[in-house]
Q: 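Here you go, one structure.
Here is how names work: the chains are called A, B, and so on, in the same order as the sequence lines, proteins then strands, and each is numbered from 1. These numbers come from a predicted model, not from an experiment.
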There are 2 protein chains.
Amino acid sequence: MDERESSPLVTLDALRPVTPPRNLTREVVDRLQAEITGGNLKPGSRLPTEQAMMAAMGVSRTVIREAVAALRAEGLVLTRQGVGAFVAPDVLQRPFRIDPETMGSLGEIVHVMELRTGVEVEAAGLAAERASAPEKKRMEHALKAIDRSIKRGEQAVDQDFAFHFAIAEATHNPQFIRFLEFLGSFIIPRQSVRAAHTEPAGQRSYLETIQGEHDRIFAAIRDGKPGDARIAMHAHLMRSRERYSRLAAELARR
Amino acid sequence: MDERESSPLVTLDALRPVTPPRNLTREVVDRLQAEITGGNLKPGSRLPTEQAMMAAMGVSRTVIREAVAALRAEGLVLTRQGVGAFVAPDVLQRPFRIDPETMGSLGEIVHVMELRTGVEVEAAGLAAERASAPEKKRMEHALKAIDRSIKRGEQAVDQDFAFHFAIAEATHNPQFIRFLEFLGSFIIPRQSVRAAHTEPAGQRSYLETIQGEHDRIFAAIRDGKPGDARIAMHAHLMRSRERYSRLAAELARR
DNA sequence: ACTTGTCATGTTGTACGATGAGCATACATC
DNA sequence: GATGTATGCTCATCGTACAACATGACAAGT
């Protein structure tokens, strides 16, 4: 019996990356955050002074200050020079996040696409009400850029996004622009999955079908028909969603 | 002519809270963040050393360290003692935030409501496709709770939200639930403005009108009609938006 | 009585020096 | 080639000092 084969250090469980240790700043952030979210430190209330926290936690002022800077960046705390640090009044207003880890699952991608559908349908309706002539021109240019990309045998990913972005801009509502930018971070995995499952000839036909849908969306916006724009955008995004729903179902069967 | 009446300091425009100055840490955070989100500092790439940044920006190491702590808290940067600070690999996947400061403006409230419209319209359509019998029951109970609150002379704020929340749950998509929770943080100012501008008798009539709209939404969902659900929800939220658009226009004229 | 000015005290913001801890690389040894 | 050691670099923490800001108390003026 070889000794090395029974050593626990040779098992796969041990041979994985070592997690870096937490530093003191992280520890202080977590403690203060727990006090805030746990309700012991109410919105608007004043945190202990730096000196008091130093004494109570046994760390230097640097660690306290860096922790407060971190909490400030997270929007949990406001500081006023000469006065003190305070729990932010709107502390419960946390950001909306999509965990990138969940985007590895096709089912989760579909969920995000459903959310996107709602936002983009409403954007199309608002754009039809509000788009200026230059903004309509921009959409038209974006459509032409998609055409050119398809002719070159490319997938028109960036150009596709630019078209949708132009619609968001035409809403004259910065929240739509920002939300689409936010969602833009999560579009890439979708595109790569598309590339992986479509043959070149079928892919071009597919892209041209999508471009037809784009044309219908644009026509409704150009002609100032919000209802038509919504319907066209909804149909366009519904088709993409169905494709991914089918993929998700196939993978679930494996 | 009294001198004080012509002094510019007596006008309402000057007599508002003075914005505290940005500190150096904030300045450094914004600069580094711009480099990261602007693409000059790629995910995984190493930031300049603390000494280099001190020299380049003309600030002390304290300011640099506090800025890096803030960026770390926002997930943009990872630090390794002895090695350096690095742009986080998944840096482009940022949270979606609504700045609470902007919610003091009625125009911005309308923007957020427009975004919410898109999400809730799609949620209503999906709920009509997917709601189970218990979930429909939950919506029905929520409607009854609104009725009871109105009869008591209350504004049914929480009950109203519960009805919309039940719809989001019936989508079987956690992103809708999470987004509505996220938006829930911003609903309160809307409710308070509503209270300030409606007389008691008109308010009850208004709430009953809204409840009629809720009934139409619920009927479409219960009967499994996604198109009708979307139209009813859109009409419901459009009316709220128009009210606030009118308020914003009135305030702009003052 | 009310308003303005001054001063003392407290608190955050910034800067700097020092030491320790962790990491990567270079070089020596086997 | 593998292992051990030394060195230099960089972040983490601590401590001191001064600047800037804010608040409250008290005095002086009207």
Q: Among dC16(C), dT23(D), dT12(C), which nucleotide has an atom closest to any side-chain atom of E50(A)?
A: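 The listed nucleotide nearest to E50(A)'s side chain is dT12(C).
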Q: Starting at CE of M53(A) and ending at P of dT11(C), how long is that distance when rounded to a whole Å?
A: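 These atoms are roughly 11 Å apart.
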Q: I want to verify a distance call: between dT14(C), dA12(D), dC14(D), whose nearest atom is closest to the N23(A) side chain?
A: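 Nearest listed nucleotide: dA12(D).
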Q: Can you find a donor-acceptor pair, distance only, under 3.5 Å between R61(A) side chain and dT14(C) base?
A: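 Between dT14(C) and R61(A), which were checked side chain against base, a qualifying N/O pair under 3.5 Å is present.
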Q: Are any of T25(A)'s side-chain N or O atoms less than 4.0 Å away from OP1 or OP2 of dT13(D)?
A: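 For dT13(D), OP1/OP2 do have a side-chain N/O of T25(A) under 4.0 Å.
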Q: Please determine whether a side-chain nitrogen or oxygen atom of S60(B) lies at a distance below 4.0 Å from atom OP1 or OP2 of dT14(C).
A: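 S60(B) to dT14(C) OP1/OP2: no side-chain N or O under 4.0 Å.
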Q: Which nucleotide in the set dT10(D), dC23(C), dT13(D) lies at the smallest distance from any side-chain heavy atom of E66(A)?
A: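 Side chain of E66(A) sits closest to dT13(D).
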Q: Please classify the nucleic acid contact of R26(A) as base, sugar-phosphate, or nothing, using heavy-atom distances under 4.0 Å.
A: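 Nothing, no nucleic acid heavy atom in range.
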Q: OP1, OP2 of dA12(D) versus side-chain N and O of R65(B): anything below 4.0 Å?
A: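 Answer yes for this pair, as a side-chain N or O of R65(B) is under 4.0 Å from OP1 or OP2.
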Q: Tell me whether E35(A) is salt-bridged to R31(A), with the criterion being a basic N under 4.0 Å from an acidic carboxylate O.
A: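 No, this pair does not count.
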Q: Within the 4.0 Å heavy-atom criterion, would you say V59(B) contacts the bases, only the backbone, or no part of the nucleic acid?
A: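 Counting heavy atoms under 4.0 Å across all strands, the contact made by V59(B) is with sugar-phosphate only.
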Q: Please report the distance, rounded to the nearest Å, between CD1 in I64(B) and C1' in dC11(D).
A: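 One finds 13 Å between C1' of dC11(D) and CD1 of I64(B), rounded.
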Q: Looking at the base of dA20(D), is there any donor atom on it, or on the side chain of Q81(A), that sits under 3.5 Å from an acceptor on the other one?
A: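 Result: at least one qualifying N/O pair found.
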Q: Between S149(B) and I146(B) (side chain of the first, backbone of the second, donor and acceptor by atom type, cut-off under 3.5 Å), is there such a pair?
A: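 No; judged by distance alone, with no hydrogens or angles, the pair does not exist.
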Q: Roughly how many Å is it from CG in L24(A) to C1' in dG22(C), rounded to a whole number?
A: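 Nearest whole value for this atom pair: 14 Å.
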Q: Which residue lies toward the 5' end of DNA chain C, V63(B) or G84(A), if each is placed at its nearest nucleotide?
A: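 In this pair, the answer is G84(A).
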Q: Need one value for R46(B): base, sugar-phosphate or nothing, where a base atom within 4.0 Å counts as base even if backbone is also close, heavy atoms only.
A: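 Sugar-phosphate, backbone atoms only, no base.
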Q: I want to know whether F176(B) and F179(B) have ring centres closer than 6.0 Å.
A: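 They do not qualify: ring centres at least 6.0 Å apart.
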Q: Measure the distance from CE on M57(A) to C1' on dT13(D) and round it to the nearest whole Å.
A: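 Checked: the CE to C1' distance equals 16 Å.
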Q: Write down the distance between CZ (R72(A)) and P (dT12(C)), rounded to a whole number of angstrom.
A: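 Roughly 11 Å, once rounded to whole Å.
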Q: May I ask you to verify whether the side chain of T62(B) and the base of dC16(C) hold a donor-acceptor pair under 3.5 Å?
A: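 Checked by distance alone, the answer is yes.
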Q: Here's a test for you: under side-chain contact (heavy atoms from CB on, under 4.5 Å), which of R65(A), E66(A), R72(A) qualifies with V68(A)?
A: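 Testing each of R65(A), E66(A), R72(A) against V68(A), the sole residue satisfying side-chain contact (heavy atoms from CB on, under 4.5 Å) is R72(A).
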Q: From CD of Q51(A) over to C1' of dT16(D), roughly how many Å is that when rounded to an integer?
A: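 So the CD-C1' distance, Q51(A) to dT16(D), works out to 12 Å.
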Q: Below 4.0 angstrom from OP1 or OP2 of dG13(C), is there any side-chain N or O of T79(A)?
A: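 For T79(A), the contact criterion (side-chain N or O under 4.0 Å from OP1 or OP2 of dG13(C)) is met.
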Q: Hey, are the side chains of V77(B) and I36(B) touching, using non-hydrogen atoms and a 4.5 Å cut-off?
A: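 Yes - at least one pair of side-chain heavy atoms lies under 4.5 Å apart.
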Q: Can any side-chain N or O of R46(B) pair as donor or acceptor with the backbone N or O of V83(B) at less than 3.5 Å?
A: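 Side chain of R46(B) to backbone of V83(B): a pair is present.
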Q: May I have the distance from L78(B) (atom CG) to dA12(D) (atom C1'), rounded to whole angstrom?
A: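 From L78(B) CG to dA12(D) C1': 16 Å.
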Q: Can you work out whether R80(B) or P21(B) has the more 5'-proximal nearest nucleotide on DNA chain D?
A: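 The 5'-side residue here is R80(B).
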